[in-house]
Student: 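Pasting a structure here, questions to come.
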Amino acid sequence: MNDRPARAAGIGRAGMGDRPVRTGTGLTAETAVRYALVPVRRLSLDAVARHSGLHPDLIRRFVALGLVDADRDAAGHLVFDPTAPAVLARIQRLRSGLCLNYASIGLVLDLLDRISLLEAALRERGTRSENPPWT
């Protein structure tokens, strides 16, 4: 079990897997313990390396930098969400297309995630701007 808080340093996600997640001392609808009804399929480091075409050491470095989310299983090995190969492909596209270093890629990924959240919030509110989206 991961003893770090959820989403700390980009590792671990609240509500993933079959472990309970308690995010506060008081229980509300947001902080209640959640259990997965169906076990979440996880990928091993070797499977992610095979699917993405990257060396496992490079993937470990991405995890250490916080570019890719990973948990540890009972044996201490890294396990990933099924979306990890797509995240790794996005990192590689940013690296080759924009010639950025990995620290800059982390910043760009954070900004892209924030833009996605803001666009989703705008869609929820139903407000549209006069100009078409820039993307």
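Everything numeric in this text was worked out from a predicted model, so none of it was measured.
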Student: Under a plain distance cut-off of 3.5 Å, with no hydrogens placed, do D113 and S116 share a side-chain donor-acceptor pair?
Tutor: no
Student: Can you tell me if R95 uses its side chain to pair, donor with acceptor, with the backbone of L100 under 3.5 Å?
Tutor: yes
Student: Specify the closest pair of heavy atoms between L43 and P82, including all atoms of both residues, with the distance to one decimal.
Tutor: CD1-CA, 3.8 Å
Student: Mind checking whether V79 and F62 sit in one hydrophobic cluster, side chains of I, L, V, M, F, W, Y counted as touching below 4.5 Å?
Tutor: no
Student: Nearest 0.5 angstrom please: R61 CZ to L54 CG, how far?
Tutor: 12.0 Å
Student: Do R42 and D73 have side chains that approach each other closer than 4.5 Å (heavy atoms only, starting at C-beta)?
Tutor: no
Student: Side chains of V87 and F80: does their closest heavy-atom pair fall under 4.5 Å?
Tutor: no
Student: Can you tell me how far apart CD (Q92) and CD1 (I105) are? Round to the nearest 0.5 Å.
Tutor: 7.5 Å
Student: Looking at S104, is its backbone amide N or carbonyl O close enough to the side chain of N101 to form a donor-acceptor pair, meaning the two atoms are under 3.5 Å apart?
Tutor: yes
Student: Report yes or no: does S44 contribute a side-chain atom to a donor-acceptor pair with the main-chain N or O of A47 at less than 3.5 Å?
Tutor: yes
Student: Compare all side-chain heavy atoms of H77 with those of L45 and state whether any distance is below 4.5 angstrom.
Tutor: no
Student: Is there a path from L112 to L98 through hydrophobic residues (I, L, V, M, F, W, Y) whose side chains come within less than 4.5 Å of each other?
Tutor: yes
Student: Could you state the interatomic distance from CZ (R93) to CD1 (I91), rounded to the nearest 0.5 Å?
Tutor: 10.0 Å
Student: Are L94 and L111 connected in the hydrophobic side-chain network, where two residues link if heavy atoms are under 4.5 Å apart?
Tutor: no
Student: Consider side chain to side chain contact (heavy atoms under 4.5 Å, CB included). Of L67, L58, V68, which one does L88 pass it with?
Tutor: V68
